[in-house]
Amino acid sequence: MSLAAYAATPRPEPVQPIKPAVITEPEKVELGKKLFFDPRLSMSGIISCNTCHNLSLGGTDNLKTSIGHKWQAGPVNSPTVFNSSLSIAQFWDGRAANLKEQAAGPIQAEVEMAMPHTLAVDVIKSIPGYVDIMQQVYGSPEVNLDRITDAIAAFEETLVTPNSKLHT
């Protein structure tokens, strides 16, 4: 086959346009959004997921290394949360397999939100509004880490950028 014929032969394109999020559980997404922006998941009460993954700054904090609990500089910067549901692994080193698993890490990490998971669950459990939403979303008022991270992941799955331009 000549070079011209080879170049003219259509091949499957590995890069596909990003599709809009399909929201099948809007109440769960809304719960995840509330939790994503809630600083009560941090020991200081001032850091939320949005602190390091600021949606108004492109889903990141635009810092060389992110700042966490007690103003500690972390070892790396925060990757954008936009389109993170399309990543094959989470965190820079890939140690989390999915968004739900990733959401649990920063809550407890000393250099990030520094909130032990048991305390984070107790705090959310103490807020009647969250208990009511857990009942609506999950069918029981139980608050646990699995539900908290599941809801945050559901919200993060909606943070996609369809029709955005790919720059090389």
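These numbers come from a predicted model, not from an experiment.
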Report summary line: Only residue of Ser44, Ser42, Pro39 satisfying side chain to side chain contact (heavy atoms under 4.5 Å, CB included) with Met113 is Ser42

Report summary line: Scanning both residues in full, the closest heavy-atom pair of Ala151 with Tyr138 reads N-OH, 3.6 Å

Query raised in the report: By side-chain hydrogen bond (donor to acceptor under 3.5 Å, both in side chains), which residues pair with Asn77, not counting sequence neighbours?
Result: Trp92

Query raised in the report: How long is the span from the CE atom in Met134 to the NZ atom in Lys28, to the nearest 0.5 Å?
Result: 10.5 Å

Requested in this report: Measure from the side-chain N and O atoms of Gln72 to the backbone N and O of His69, and report whether any donor-acceptor pair falls under 3.5 Å.
Outcome: yes

Report task. Determine, step by step, whether Leu159 and His53 satisfy the side-chain contact (heavy atoms from CB on, under 4.5 Å) criterion, reporting the C-alpha distance in whole Å, the side-chain angles of both residues, the deciding distance to 0.1 Å, and the verdict. Result -> CA-CA 11 Å; Leu159 301 176; His53 303 284; over 6 Å; no

Query raised in the report: Does Gln108 use its side chain to pair, donor to acceptor, with the backbone of His117 at less than 3.5 Å?
Result: yes

Query raised in the report: Can you tell me how far the CD atom of Gln90 sits from the NZ atom of Lys100, to the nearest 0.5 Å?
Result: 14.0 Å

Query raised in the report: Can Leu63 be reached from Val76 by stepping across I, L, V, M, F, W or Y side chains whose heavy atoms are under 4.5 Å apart?
Result: no

Requested in this report: May I ask you to check whether Thr60 and Asn62 show a side-chain donor-acceptor distance below 3.5 Å?
Outcome: no

Report task. Apply the side chain to side chain contact (heavy atoms under 4.5 Å, CB included) test between Leu41 and each candidate in Ile152, Leu119, Val123; give the one that qualifies. Result -> Ile152

Requested in this report: Say whether Ile67 and Ile46 are linked into one hydrophobic cluster, either directly or through other cluster members, by side-chain heavy-atom distances under 4.5 angstrom.
Outcome: yes

Report task. Verify the cluster assignment for Leu57 and Val81: are they in a single hydrophobic cluster under the rule of side-chain heavy atoms below 4.5 Å apart? Result -> no

**Report entry** For Thr161 against Asn83, the heavy-atom pair lying closest together
**Finding:** OG1-ND2, 2.7 Å

Query raised in the report: What distance separates Phe82 CZ from Leu55 CG, expressed to the nearest 0.5 Å?
Result: 4.5 Å

Query raised in the report: In Å, rounded to the nearest 0.5 Å, how long is the span from CD1 of Ile124 to CE of Met115?
Result: 7.5 Å

Query raised in the report: Are Ile127 and Val137 connected, step by step, through hydrophobic side chains (Ile, Leu, Val, Met, Phe, Trp, Tyr) whose heavy atoms are closer than 4.5 Å?
Result: yes

Query raised in the report: Can you name the nearest heavy-atom pair linking Ala21 to Val160, along with the distance?
Result: N-CG2, 3.6 Å

Report summary line: Nearest heavy-atom contact between Arg147 and Asn144 is N-OD1, 2.7 Å

Requested in this report: Could you tell me whether Asp93 atom CG has more than 12 heavy atoms of other residues or ligands within 6.0 Å of it?
Outcome: yes

Report task. Flag yes if Phe37 and Ile23 sit in one hydrophobic cluster, no otherwise; membership is Ile, Leu, Val, Met, Phe, Trp, Tyr, and two members link when side-chain heavy atoms are under 4.5 Å apart. Result -> yes

Query raised in the report: Is a side-chain N or O of Gln135 found less than 3.5 angstrom from the main chain of Gly139, in a donor-acceptor match?
Result: yes

Query raised in the report: So Tyr130 and Ile148, side-chain contact (heavy atoms from CB on, under 4.5 Å) or not? Walk me through it.
Result: CA-CA 10 Å; Tyr130 277 125; Ile148 290 169; over 6 Å; no

Query - Whether Asp61 side chain and Thr51 backbone form a donor-acceptor pair below 3.5 Å - result: no

Query - Heavy-atom pair of closest approach, residues Glu112 and Ile47 - result: O-CD1, 3.7 Å

Requested in this report: Mark yes or no for whether Ser66, through its side chain, and Gly74, through its backbone, hold a donor-acceptor pair below 3.5 Å.
Outcome: no

Query raised in the report: Would Glu156 and Gln102 satisfy side-chain contact (heavy atoms from CB on, under 4.5 Å), going step by step from the backbone distance to the final call?
Result: CA-CA 11 Å; Glu156 289 179 339; Gln102 184 280 327; 4.1 Å; yes

Query raised in the report: Which pair of heavy atoms, one from Ala154 and one from Val29, lies closest together, and at what distance?
Result: O-CG2, 3.8 Å

Requested in this report: Please round to the nearest 0.5 Å and tell me the distance separating atom CD of Glu25 and atom OG1 of Thr158.
Outcome: 12.5 Å

Query - Nearest-0.5 Å distance, CG of residue Asn98 to OG of residue Ser84 - result: 11.0 Å

Report summary line: Those residues at least two apart in sequence (or on a different chain) that pass ring-ring contact (aromatic ring centres under 6.0 Å, His included) with Phe36 are Phe155

